[in-house]
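Notes for the one structure printed next.
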2 protein chains.
Amino acid sequence: MTQSAKTFENLSGEKRERVLAEATREFADHGYHQASVNRIVQRLGIAKGSLFKYFGTKEGLFEYLFGHAVAEFKKPLKVIRDTGTGDFFDRIEQTFLASGAFVDAHPNIYRIYLKMLFNERFPLRDRFLGEIRKANAKFLRQLIENGIESDGLPSDLDVETAVYTVHSVMDRFLQGYAVPSLDQGVESTEHTLQDKARAMTNLLRRGLADPS
Amino acid sequence: MTQSAKTFENLSGEKRERVLAEATREFADHGYHQASVNRIVQRLGIAKGSLFKYFGTKEGLFEYLFGHAVAEFKKPLKVIRDTGTGDFFDRIEQTFLASGAFVDAHPNIYRIYLKMLFNERFPLRDRFLGEIRKANAKFLRQLIENGIESDGLPSDLDVETAVYTVHSVMDRFLQGYAVPSLDQGVESTEHTLQDKARAMTNLLRRGLADPS
DNA sequence: ACCAATGGTGACCACCTGGTCACTTCTAAC
DNA sequence: GTTAGAAGTGACCAGGTGGTCACCATTGGT
C-alpha cells in the first residue's frame, strides 16, 4: 500500500464510503476517460488536492475502487459451489439468480465492467478482466465436470465447449438484465428475474425444443 | 441533406472513402468522446476546417458514418430470409455465419456498435440501436414463426421468449467472435467460425444434452 | 481577362482536463 | 500552551478539445 492510500484508510468509514460511492457513480456514468475528477470532488464538497493525496492519480483511484469490487464479484460463486443444492441445472439456475442479485446490489460496478469489456483503452482492463474470467471459468468447469460425473450430462460432452457456451449465455443474460434497453423490441414475456433465469436454464437443458 | 454534406458528396469517391475509413477507425479505437478530430485530420493530411465544412460538427460526422453503416447491417438478414435454404436450424446457422462474415468485412463498424451498446452517453445511441434491434427482432420472429409452422418447432413455444433467447445467444456469439479476448480462459476447442456456429446451433437445437 | 463559386486552410478561441504544491487548519501528545 | 505531523485546500499549470472564420487557391463559364 502506498503512503497516500494509507491516508485514505485512516479516514472515517463514513467518509470513505461516500468518496468511493461518488467516484464509482462517476465512472459508471461516463466510463474511465470521460469521467471527471473535477465533478467528483465538486459533488463530494472536498478539494481536488485531497483526492490526489488519497490515490495519487485518477488511475490510482480507479484501481483502488474496482480492485475492491472484483473481490465482491467472486463471492456469490463461492457460495454456490460450497452451499448450492440440487443437480447440475439447479445450480446453474442458482448461479443465474445470484449473478442477478449481485447486479442489483452493485449496479454501478457492473456498469463499469460492461463499459470495460469493449473499450480496449480502459486502464488495467487486461488485469481485471483476466481475473474475473479466470474465476468464472474455474467455477463453471468445476460445475460441469461434476455434472458429467454425477448428474447425467453426456460423458462425451466437450468440457471446454460447454464452459464457453454456458459462460456466453450467462454473460448475455446478465447484460440484458443490467441494461434493459438492450432487449427492447425483443422483449420476453417473462419479466421477473426468476422467470428469465428459468427460461435460460431450460435452454441449456433441452434447447428450443421443449419450452416447459 | 445539409449544404455542407453536399460538399462532401461532391468529392471524388476515392477521397470520400479515405475520409470515412479514417474517421471510422478513430471512433472504433477510442469511442465517441475520446475520438479526436485533430487526429483524424492529421492522419488524412487535410485541414480541420475541411472536415467541419463537410459535416458541420463531430456528431454530424458520426451520424453520417454510422447511419450509412446501419444500412449495411441489415443486408445479410434480407439475403437469408429471401434465399436461405433448409429447415429452421439450417437458417439459424446461416445467420450465425453471415453475421460473422459481416464482422470480418466491417470490423471497425462492429467495434463502434459494441462500444455504443453499454455507453449510455453515445450520441444518437437510442436511434441507431433501436433501428438495429427492430430489424433483428423482425427477422428472428419471422424465422421462428416459420419454424413452428413448417419445421417442427413446438407449437406451444412462446415466440417472444424464443426471439429473446436466440437473439441473446447470437449477440454473445458475435461479441466473442469480434473481441476474441472476451473468451480467453473459457476457450472453446472449436476454433473456426464454422465450428463455433455449429456448436451454438446445436445448443439451440438440443441443449447441453447432445453435443453432436 | 475577369468573375463567382467552390473547396481548402490553419491560426486562433474558450473551455475543460488531470495534476501540483505552497499553504492553512486540525488534532493529539506532552 | 506548544509543537509535530497529518489532513485539507484551491489557485495555478501545461496540454488537449471541438469549433470558427477570414483568407487563399482552383476551376469553369462568359
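Chain letters run A, B, ... following the sequence lines, proteins first, then strands; residues in each count from 1.
Distance, A:Glu59 CD to C:dG19 C1': 14 Å, rounded to whole Å. A:Lys15 has its NZ atom 7 Å from the C1' atom of D:dG8, to the nearest Å. When rounded to the nearest whole Å, the span between CG of B:Leu44 and P of C:dT9 equals 11 Å. We find that CZ of B:Phe8 is positioned 15 Å from C1' of C:dG8, with the value rounded to whole Å. With rounding to whole Å, A:Gln42 atom CD is found 15 Å from D:dT9 atom C1'.
In this structure a side-chain-to-backbone donor-acceptor pair under 3.5 Å is missing from A:Lys53 to A:Thr7.
The aromatic rings of B:Phe62 and B:Phe27 stand perpendicular to each other, their planes meeting at an angle above 60°, with 30° marking the opposite boundary.
Between B:Asn10 and A:Thr57, the one whose closest nucleotide on DNA chain C sits nearer the 5' end is B:Asn10. Checking A:Gln34 against A:Ser50, the closest nucleotide of DNA chain C that is more toward the 5' end is the one next to A:Gln34.
Both tests hold for A:Lys58 against A:Tyr32: distance to the six-membered ring centre under 6.0 Å, angle to the ring axis within 45°.
Side-chain proximity of B:Lys48 to the nucleotides D:dG10, D:dG19, C:dG8 is greatest for D:dG19. Taking every side-chain heavy atom of B:Lys53 into account, D:dA22 is the closest of D:dT9, D:dA22, C:dG18. Distance from the side chain of B:Asn38 is smallest to D:dT17 among D:dG8, D:dT17, D:dT9. Distance from the side chain of B:Tyr54 is smallest to C:dG8 among C:dT17, D:dT9, C:dG8.
At a threshold of 4.0 angstrom between heavy atoms, the contacts of A:Lys58 are confined to the sugar-phosphate backbone, with no base atom among them.
Minimum interatomic distance between B:Glu26 and B:Gln34 (heavy atoms only, all atoms of both residues): OE2-O, 4.4 Å.
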